[in-house]
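The block underneath contains the structure these notes are about, expressed in structure tokens.
Treat the numbers as computed from the prediction; the structure is a model and nothing was measured. All residue numbers in this chain count up from 1 along the given sequence. Values reported hereafter were calculated over all heavy atoms of this structure, with side chains retained and with hydrogens, waters and symmetry mates removed.
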Amino acid sequence: MALIVQKFGGSSVADAEGIKRVAKRIVQTKKAGNDVVVVVSAMGDTTDDLIDLAHSVTPTPSGREMDMLLTAGERISMSLLAMAIISLGVEARSFTGSQAGLVTDAIHGNASIVDVTPKRVFKAIEEGAIAIVAGFQGFNRGTGDITTLGRGGSDTTAVALAAAMHADVCEIYTDVDGVFTADPRVVPTAHKLDFITSEEMLELASSGAKVLYIRAVEFARRHHVALHVRSSFSSKQGTIVAETRAEARRLRRAVDLNRAAPAVDPAQKEEDTVEAPVITGVATDKNEAKITVIGVPDTIGRAAQLFNLVAGEGTSIDMIVQNVSAAATGLTDISFTLPTGDGPRVVAALNRHKADLGFDSVVYDDQIAKLAIVGAGMRTHPGVSARFFSALAEQGINIEMISTSDIRISVVTRLDSLDEAVRAVHTAFGLDADGEAVVYGGTGR
Ligand code: ADP
Ligand code: ASP
Ligand code: MG
């Protein structure tokens with residue numbers, strides 16, 4: 001008997017039909033002889049709708065109350081899902097994050113899991129029931145308050161429970177067949193990856209591929225959780241996320257435990273021996289903005305002063321570019337990107353400190369986007385940036401900023417040319433599939 005953790009995202013439980021469909025699938029896994037723990041997200045776009053609702057009441061909702069509000073979304077889906085399973089004649093019990101022992105720090109809206117004590121979940125499955133846990137939420141022992149884990153955080157709940165309960169596999173069910181070479185909503189010719197290393201997945205997730213939440217990938221990597229990303233709308237095998245190709249092969253046995261799905265196509269196994277492609281995937285992020293601070297005195301400690309101020313606003317900045325200072329003036333310009341939501345606050349903070357920082361002006365631009373290519377093959381293949389930049393140039397797309405890591409190259413482009421850019425780059429690296437990728441549900445919000 002295996003212990004399988006199954007996480008269903010909002011698009012899989014968007015309406016009553018979706019909940020009933022998912023319930024059947026869970027019951028199938030249980031009836032195949034497995035213990036099943038389910039993590040569920042809020043229905044459809046509930047979380048976004050609740051955020052909009054809060055902002056229509058006040059532009060600055062309290063963090064504590066926001067978490068109280070948002071966790072209601074997962075409470076609705078967990079109880080409905082338990083009801084649907086019970087109606088199929090199988091015992092099910094739903095638990096909030098705190099009932100399931102998800103202990104976090106006290107950071108409202110972006111809490112980190114510090115401990116998992118799933119006593120009641122263990123008890124439920126020992127008694128033969130299916131345990132349903134609300135994703136994306138926990139509680140802090142010090143304050144006794146409810147917290148949320150950041151947008152997309154149900155993935156983290158699932159991985160954390162899988163790690164704490166030593167589950168054989170953690171299945172992430174979503175509205176596409178797995179992790180693709182690009183967002184299939186933007187690049188219809190994207191193809192599904194049978195396997196991706198956790199290192200590459202981390203880079204894709206941090207570059208905007210929301211199919212998996214970055215913290216969940218980190219958690220899975222640290223705790224050696226076998227991750228299988230797949231569709232709740234089809235029975236196809238999805239994508240295995242693992243440290244190495246060899247580990248993925250080992251994990252495949254665990255992943256195959258859920259025999260509700262057909263076994264892996266032998267032709268796919270063949271593929272494992274072929275050399276990995278240079279680029280594994282392309283990711284985009286439309287939720288970034290750029291701030292340029294003009295006329296900063298080029299003196300020691302000025303950048304430190306500026307970025308201390310920015311850090312004080314609790315934002316995480318990404319790319320930074322400092323121009324060469326003009327010899328005549330000794331002044332330089334510093335540009336950086338940050339999440340659009342934090343933009344106005346950071347601009348206001350900079351302007352408040354204009355005198356002590358000694359700069360001329362601040363330019364704010366929220367019409368930019370980030371495009372990244374990711375692949376471990378980059379380490380050993382020269383000319384990757386040349387090919388990337390040429391593909392953009394051929395489309396007449398201007399690059400405004402560049403940053404790189406060991407296995408990633410990111411650029412900033414205009415927001416309105418992003419979709420065109422990502423398709424061109426996808427083609428340039430030979431990633432296009434013959435057919436079109438299927439997107440089963442969701443609104444892409
Ligand atoms: P869920 O509701 O299941 O959590 P999400 O909307 O969070 O689903 O994530 C799934 C979506 O992620 C897909 O519908 C797809 O549009 C998007 N996505 C972005 N990049 C990728 C990628 N590389 N592979 C697959 N999906 C991707
Ligand atoms: N419902 C939450 C969100 O929309 C958590 C999740 O779906 O993972 O961000
Ligand atoms: Mg998600």
Side-chain angles (χ1 to χ4, degrees), residues 1-14 16 18-44 46 71 73-102 116 118-138 149 152-175 213 216 220 225-233 235 238 255 257-258 260-261:
M1 183 184 275
L3 171 59
I4 298 181
V5 173
Q6 301 189 319
K7 178 256 171 180
F8 293 90
S11 51
S12 296
V13 292
I19 287 176
K20 288 196 257 180
R21 184 176 48 81
V22 161
K24 274 197 210 132
R25 180 148 200 158
I26 296 166
V27 166
Q28 258 177 28
T29 307
K30 171 76 180 160
K31 289 205 165 149
N34 303 296
D35 280 334
V36 189
V37 174
V38 174
V39 173
V40 68
S41 295
M43 295 169 71
T46 301
T71 47
E74 269 70 12
R75 219 164 151 141
I76 294 172
S77 51
M78 73 176 196
S79 44
L80 290 173
L81 187 55
M83 288 174 202
I85 293 172
I86 294 166
S87 80
L88 295 173
V90 176
E91 214 192 312
R93 233 169 277 165
S94 67
F95 299 98
T96 61
S98 56
Q99 287 176 324
L102 279 129
V116 186
K119 255 190 278 171
R120 297 189 64 182
V121 181
F122 270 125
K123 186 155 181 288
I125 59 171
E126 268 159 28
E127 290 171 4
I130 291 170
I132 318 277
V133 178
F136 169 64
Q137 52 180 270
L149 308 177
S154 296
D155 294 344
T156 323
T157 307
V159 175
L161 272 173
M165 300 183 77
H166 301 286
D168 294 276
V169 59
C170 179
E171 298 184 327
I172 305 285
Y173 284 91
T174 184
D175 54 8
Y213 187 46
V225 175
L227 267 185
H228 185 190
V229 183
R230 61 194 312 194
S231 166
S232 71
F233 297 81
S235 57
V255 164
L257 282 170
N258 187 357

- prompt: Do you know the tightest heavy-atom contact between Ala220 and Leu227?
  reply: CB-CD1, 3.8 Å
- prompt: In Å, rounded to the nearest 0.5 Å, how long is the span from CD1 of Ile125 to CG of Asp35?
  reply: 4.5 Å
field: Any pair counted as side chain to side chain donor-acceptor pair (under 3.5 Å), so long as it reaches residues 80-95, sequence neighbours left out
entry: Glu91-Arg93, Arg93-Glu127
field: Pairing residues for Ala14 by the side chain to side chain contact (heavy atoms under 4.5 Å, CB included) criterion, not counting sequence neighbours
entry: none
- request: Indicate the atoms forming the closest heavy-atom contact of Leu102 with Ala160, along with that distance.
  value: CD2-CB, 4.4 Å
field: Approximate separation, where rounding is to 0.5 Å, of Ile4 CD1 and His228 NE2
entry: 11.0 Å
message: For the backbone of Ala42 and the side chain of Glu74, can you confirm whether one donor and one acceptor N or O come within less than 3.5 Å of each other?
response: yes
query: Quick one: does Lys31's side chain get under 4.5 Å of Val90's, heavy atoms only?
result: yes
- prompt: Residues in side chain to side chain contact (heavy atoms under 4.5 Å, CB included) with Ser11, at least two apart?
  reply: Thr174, Asp175
field: Interatomic spacing from CE in Met43 to CG in Leu81 - rounded to 0.5 Å
entry: 10.5 Å
- prompt: Which residues pass the salt bridge (Lys or Arg N to Asp or Glu O under 4.0 Å) test with Lys24, sequence neighbours left out?
  reply: none
field: Ile26 side, atom CD1; Ile19 side, atom CD1 - distance, nearest 0.5 Å
entry: 10.0 Å
task: Grab the two heavy atoms, one from Ile172 and one from Ala158, that are nearest each other, plus how far apart they are.
output: CD1-CB, 4.3 Å
message: List the residues meeting ring pair (Phe, Tyr, Trp, His ring centres under 6.0 Å) with Phe136, not counting sequence neighbours, and say none if there are none.
response: none
- prompt: Does Ser12 offer a backbone N or O that forms a donor-acceptor pair with the side chain of Arg21 under 3.5 Å?
  reply: yes
task: State which residues pass ring pair (Phe, Tyr, Trp, His ring centres under 6.0 Å) with Phe95; sequence neighbours excluded, sorted by chain then number.
output: none
query: Which atoms form the tightest heavy-atom contact between Val225 and Cys170, and what is the distance?
result: CG1-CB, 3.7 Å
query: Does Tyr213 offer a backbone N or O that forms a donor-acceptor pair with the side chain of Asp155 under 3.5 Å?
result: yes
- line: Paired with Met78, the side chain to side chain contact (heavy atoms under 4.5 Å, CB included) test is passed by just one of Val39, Ile132, Val13, namely Ile132
message: Quick one, Lys7 with Ser41, criterion side chain to side chain contact (heavy atoms under 4.5 Å, CB included). Give me CA distance, side-chain angles, the key distance, then yes/no.
response: CA-CA 8 Å; Lys7 178 256 171 180; Ser41 295; 3.6 Å; yes
message: Please evaluate residues Thr71 and Thr96 with respect to the criterion side chain to side chain contact (heavy atoms under 4.5 Å, CB included), reporting the C-alpha separation (whole Å), side-chain torsions for both, the decisive distance (0.1 Å), and the verdict.
response: CA-CA 9 Å; Thr71 47; Thr96 61; over 6 Å; no
- line: Nearest heavy-atom contact between Val36 and Gln6 is CG1-OE1, 3.9 Å
Donor-acceptor under 3.5 Å (Asp168 side chain, Leu3 main chain): yes
